[in-house]
*Asks:* 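Okay, handing you the structure first.
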Amino acid sequence: MNLIENYSLKGLNTFGIEVTAAWFGRFNNTHTLLELLTKVGRKEMMILGGGSNVLFTKDVQGVVLKNEIVGIEVVQEDSDNVYVKAGAGVVWHELVMYCVELGYQGIENLSLIPGCVGASPMQNIGAYGVELKDVFHKLEALDIETGTIREFSLAECEFGYRESVFKRKFKNQFIILNVTLKLNKKPVYNTSYGAIKDQLEAHGVKSLSVKAISNAVISIRQSKLPNPAEIGNAGSFFKNPEILMEHYSKLKVQFEQIVAYPVDETHMKLAAGWLIEQSGWKGKTFEEKYGVHKLQALVLVNYGGATGNQLYQLSQNIIDSVKAKFGVTLEREVNIY
Ligand code: FAD
Ligand code: NAP
């Protein structure tokens with residue numbers, strides 16, 4: 001339950017940025033967390049999971065608390081569904097593997113997303129046509145101000161595209177303790193993404209299964225995305241922008257190859273990676289330390305020794321050049337500290 005002074009966060013963020021926290025502590029249960037919060041008092045505080053969606057641009061002057069609450073259990077079951085509750089410190093992919101092995105359907109498309117269960121509601125993690133909100137049942141979170149535990153239903157989380165109430169209205173107000181998912185016993189597979197269909201074919205899969213889809217997703221991700229254990233990165237640095245149909249129609253005339261998907265009758269989602277690539281950034285490296293990944297332009301990388309500020313400035317330069325070329329403003333997905 002100790003708070004350690006002047007603690008390096010380099011190994012605790014997947015960008016591998018060398019910064020320190022003035023104070024650092026770990027907790028693996030609510031009791032320890034409450035004791036730590038009493039000690040911390042009114043200091044600035046940040047909760048850390050796997051550190052795979054953060055960019056540190058400076059030393060943290062306050063306290064960083066690492067969530068290590070573990071445990072996975074089936075808490076309810078009926079003829080159609082299984083309700084699985086996981087501690088916020090459980091590694092997300094370990095939860096996926098637990099469900100895949102037992103044939104519980106719902107999160108196989110979200111295989112191999114780095115980070116912990118507790119951060120999954122923060123940006124309503126999503127990949128290959130599935131978002132957390134599709135399987136979310138409820139969560140428990142500690143109100144930092146009052147020290148009481150509050151339950152959040154699906155509606156109360158106000159999930160959106162890479163968004164939730166915890167990134168907006170309740171920013172820095174709650175510490176997520178556990179999440180319960182509602183998974184299917186009778187599978188409803190989602191193979192709407194072309195890449196999944198292609199991969200299943202390449203794997204020679206004749207009949208769909210939770211495991212086959214998970215394996216397909218794992219193969220695609222391993223072939224396209226840099227492994228943070230080898231190259232520092234935080235996945236997609238930007239969100240895919242959603243623009244009005246009129247704007248899209250104009251862009252389509254000018255840029256025939258533009259990659260876009262319908263959101264609703266009035267909006268289109270553009271592939272931010274394509275916009276960045278067309279703006280000339282893909283594979284660019286700076287000072288042999290950092291740059292834009294050579295296979296996936298949405299991913300900024302730290303080859304070693306870059307500062308958070310260098311990566312932040314690069315992201316700003318990308319935003320400016322995409323705006324100048326397409327009139328579209330990219331928004332950062334990664335949380336900046
Ligand atoms: P952290 O980086 O530790 O924290 C992220 C934010 O959540 C911070 O603001 C932190 O303060 C807050 N937070 C963390 N835990 C808690 C808690 N218990 N209570 C309250 N606040 C908390 N994301 C996707 O959505 N889809 C993808 O397909 C995807 N692919 C990725 C691929 C790679 C290679 C990488 C590096 C990242 C990818 N990401 C993806 C981003 C990232 O993995 C997810 O956003 C993940 O959920 C972050 O989890 P984390 O535990 O690492 O969060
Ligand atoms: P991709 O397959 O090259 O596709 C590019 C973008 O087009 C994706 O980001 C996706 O948007 C969109 N897209 C593709 N097919 C679509 C379809 N059938 N319907 C609607 N939208 C479609 O993408 P990728 O970079 O390799 O990533 C694959 C998946 O993993 C995506 O879902 C992506 O979000 C996710 N991913 C996320 C992160 C992260 O850090 N957030 C990192 C890596 C991968 P969406 O992003 O809206 O799905």
Side-chain angles (χ1 to χ4, degrees), residues 9 12-16 27 33 45-56 60 64-69 87-93 109-132 139-142 144 161-164 166-167 170-179 190-199 217 220-242 259-263 268-275 277 293 295-301 333-337:
L9 300 177
L12 297 177
N13 71 98
T14 60
F15 259 126
F27 60 93
L33 172 59
M45 192 200 38
M46 177 208 174
I47 299 294
L48 195 59
S52 65
N53 205 14
V54 291
L55 175 67
F56 290 111
V60 180
V64 172
L65 298 182
K66 181 148 166 50
N67 189 327
E68 296 182 343
I69 300 176
V90 169
V91 171
W92 173 261
H93 186 62
N109 293 46
L110 304 178
S111 294
L112 217 60
I113 296 182
C116 297
V117 167
S120 63
M122 295 298 294
Q123 70 160 15
N124 177 28
I125 55 168
Y128 300 101
V130 172
E131 291 180 327
L132 181 79
L139 64 76
E140 284 184 316
L142 188 91
I144 296 171
Y161 172 62
R162 306 287 191 266
E163 280 294 351
S164 75
F166 304 105
K167 275 185 96 171
F170 291 148
K171 195 173 161 87
N172 299 329
Q173 286 187 45
F174 286 91
I175 299 170
I176 296 167
L177 303 171
N178 59 65
V179 176
N190 185 329
T191 55
S192 60
Y193 269 50
I196 295 195
K197 284 192 194 122
D198 296 347
Q199 196 64 43
V217 169
I220 305 168
R221 295 184 74 104
Q222 284 175 336
S223 69
K224 282 183 84 171
L225 288 167
N227 179 353
E230 290 158 14
I231 304 175
N233 77 91
S236 306
F237 202 90
F238 305 96
K239 296 180 190 178
N240 289 319
E242 295 180 357
V259 181
Y261 299 88
V263 177
M268 292 290 280
K269 176 181 73 180
L270 304 181
W274 188 87
L275 301 174
E277 187 176 344
H293 193 248
L295 298 179
Q296 174 48 283
L298 251 191
V299 179
L300 303 192
V301 288
E333 180 179 306
V334 170
N335 300 280
I336 311 294
Y337 286 92

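Because the structure is a prediction, the values reported are computed rather than measured. Counting starts at 1 for both ligands and their atoms, following the listed order.
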*Asks:* Have a look at ligand 1 and work out which part of N335, if any, has a heavy atom under 4.0 Å from it: side chain, backbone, both or neither.
*Replies:* side chain
*Asks:* For atom 38 (C) of ligand 1, what's the nearest protein heavy-atom neighbour? Residue, atom name and distance, please.
*Replies:* P114 CD, 3.7 Å
*Asks:* Less than 3.5 Å between some nitrogen or oxygen of Y337 and one of ligand 1, yes or no?
*Replies:* yes
*Asks:* Need the ligand 2 atom indices (1-based, order shown) with element for anything under 4.0 Å from a heavy-atom of G235.
*Replies:* 40 (O)
*Asks:* Quick one: which of G115, S52, A141 has a heavy atom closest to atom 41 (C) of ligand 1?
*Replies:* S52
*Asks:* List the closest protein heavy-atom neighbour of atom 18 (N) of ligand 1: residue, atom name, distance to the nearest 0.1 Å.
*Replies:* I176 O, 3.0 Å
*Asks:* Can you tell which of S111, G87, A119, G235 gets a heavy atom nearest to atom 36 (C) of ligand 1?
*Replies:* G235
*Asks:* Test your reading of the structure: does A127 have an N or O sitting under 3.5 Å from an N or O of ligand 1?
*Replies:* no
*Asks:* Go through N335 and M122 one step at a time and tell me if the side-chain contact (heavy atoms from CB on, under 4.5 Å) criterion holds.
*Replies:* CA-CA 10 Å; N335 300 280; M122 295 298 294; 5.9 Å; no
*Asks:* Please list the nearest protein heavy atom to atom 43 (C) of ligand 2 with its residue and the distance rounded to 0.1 Å.
*Replies:* L225 CD1, 3.6 Å
*Asks:* To which protein heavy atom is atom 34 (O) of ligand 2 closest, and what is the distance rounded to 0.1 Å?
*Replies:* R162 NH2, 2.6 Å
*Asks:* What's the shortest distance from atom 47 (O) of ligand 1 to any protein heavy atom, and which residue and atom give it?
*Replies:* I125 CG2, 3.2 Å
*Asks:* Give the atom numbers and elements of ligand 2 that come within less than 4.0 Å of a heavy atom of E333.
*Replies:* 39 (C), 40 (O), 41 (N)
*Asks:* For A88 and ligand 1, does the shortest N/O to N/O distance drop below 3.5 Å?
*Replies:* no
*Asks:* Any nitrogen or oxygen of E333 lying under 3.5 Å from a nitrogen or oxygen in ligand 1? Just yes or no.
*Replies:* no
*Asks:* List ligand 2 atoms under 4.0 Å from Q296, heavy atoms only on the residue side.
*Replies:* 24 (P), 25 (O), 26 (O)
*Asks:* Would you mind running through ligand 1 and noting each atom that sits below 4.0 Å from a heavy atom of N67?
*Replies:* 18 (N)
*Asks:* Write out the residue and atom name of the closest protein heavy atom to atom 4 (O) of ligand 2, then the distance separating them to 0.1 Å.
*Replies:* Y261 OH, 4.8 Å
*Asks:* Just to be sure I read this right, does ligand 1 sit under 4.0 Å from the backbone of N233, its side chain, both, or neither, counting only heavy atoms?
*Replies:* both
*Asks:* side-chain contact (heavy atoms from CB on, under 4.5 Å) with S120: which of L132, L110, V90?
*Replies:* L132
*Asks:* Does an N or O anywhere in M122 fall below 3.5 Å from an N or O of ligand 1?
*Replies:* no
*Asks:* Heavy-atom contacts with A234 under 4.0 Å: which atoms of ligand 1 show up? List them by number with element.
*Replies:* 35 (C), 36 (C), 37 (C)
*Asks:* Within the structure provided, determine whether F15 and F56 are in side-chain contact (heavy-atom separation under 4.5 Å).
*Replies:* no
*Asks:* Which atoms of ligand 1 are found less than 4.0 Å from any heavy atom of G51?
*Replies:* 1 (P), 2 (O), 3 (O), 50 (P), 52 (O)
*Asks:* Suppose we measure from atom 32 (O) of ligand 2 to each protein heavy atom; which comes out shortest, and what is that distance?
*Replies:* Y128 N, 2.9 Å
*Asks:* Considering only protein heavy atoms, which is closest to atom 26 (O) of ligand 2, and at what distance to one decimal place?
*Replies:* K224 NZ, 2.7 Å
*Asks:* List the closest protein heavy-atom neighbour of atom 32 (C) of ligand 1: residue, atom name, distance to the nearest 0.1 Å.
*Replies:* R221 NH2, 3.3 Å
*Asks:* If you measure from each non-hydrogen atom of S192 to ligand 2, which part falls under 4.0 Å: side chain, backbone, both or neither?
*Replies:* backbone
*Asks:* For atom 39 (N) of ligand 1, find the nearest protein heavy atom and state the residue, atom name and distance (0.1 Å precision).
*Replies:* I113 CG2, 4.2 Å
*Asks:* Residues in salt bridge (Lys or Arg N to Asp or Glu O under 4.0 Å) with E242, at least two apart?
*Replies:* none
*Asks:* Starting from atom 42 (C) of ligand 2, what is the nearest protein heavy atom, named by residue and atom, and what distance separates them?
*Replies:* S236 OG, 3.2 Å
*Asks:* Looking only at N/O atoms, are Y193 and ligand 2 under 3.5 Å apart anywhere?
*Replies:* yes
*Asks:* Take R221 and Y128, measure what side-chain contact (heavy atoms from CB on, under 4.5 Å) needs, and give me the verdict at the end.
*Replies:* CA-CA 10 Å; R221 295 184 74 104; Y128 300 101; 3.9 Å; yes
*Asks:* Starting from atom 24 (C) of ligand 1, locate the nearest protein heavy atom and write down its residue, its atom name and how far away it is, to 0.1 Å.
*Replies:* Q123 NE2, 3.4 Å
*Asks:* Can you tell me the protein heavy atom closest to atom 35 (C) of ligand 2 and the distance?
*Replies:* A127 CB, 3.7 Å
*Asks:* Under a 4.0 Å heavy-atom limit, does Y161 contact ligand 2 with its side chain, its backbone, both, or neither?
*Replies:* side chain
*Asks:* Relative to ligand 1, is C116 under 4.0 angstrom through side chain, backbone, both or neither, heavy atoms considered?
*Replies:* both
*Asks:* Hey, does N53 come in under 3.5 Å of ligand 1, counting only N/O atoms on both sides?
*Replies:* yes
*Asks:* Is any side-chain heavy atom of N172 closer than 4.5 Å to a side-chain heavy atom of I144?
*Replies:* no
*Asks:* Considering only non-hydrogen protein atoms, determine which one is nearest to atom 50 (P) of ligand 1 and report residue, atom name and distance to 0.1 Å.
*Replies:* G50 N, 3.4 Å
*Asks:* Answer yes or no: does an N/O atom from I47 fall short of 3.5 Å to an N/O atom of ligand 1?
*Replies:* yes
*Asks:* Does some non-hydrogen atom of F166 fall short of 4.0 Å from ligand 1?
*Replies:* no
*Asks:* Please could you name the atoms of ligand 1 that F174 approaches to less than 4.0 Å, counting only its heavy atoms?
*Replies:* 20 (C)
*Asks:* Below 4.0 angstrom from a heavy atom of G126, which ligand 1 atoms are there? Numbered from 1 as shown, please.
*Replies:* 24 (C), 25 (O), 26 (N), 27 (C), 28 (O)
*Asks:* Please list the nearest protein heavy atom to atom 4 (O) of ligand 1 with its residue and the distance rounded to 0.1 Å.
*Replies:* V54 CG1, 4.1 Å
*Asks:* In terms of residue, atom name and distance, what is the protein heavy atom nearest to atom 9 (O) of ligand 2?
*Replies:* N240 ND2, 2.9 Å
*Asks:* Can you tell if the side chain of L33 reaches within under 4.5 Å of the side chain of L177, non-hydrogen atoms only?
*Replies:* yes
*Asks:* Do any heavy atoms of L298 fall under 4.0 Å from ligand 2?
*Replies:* no
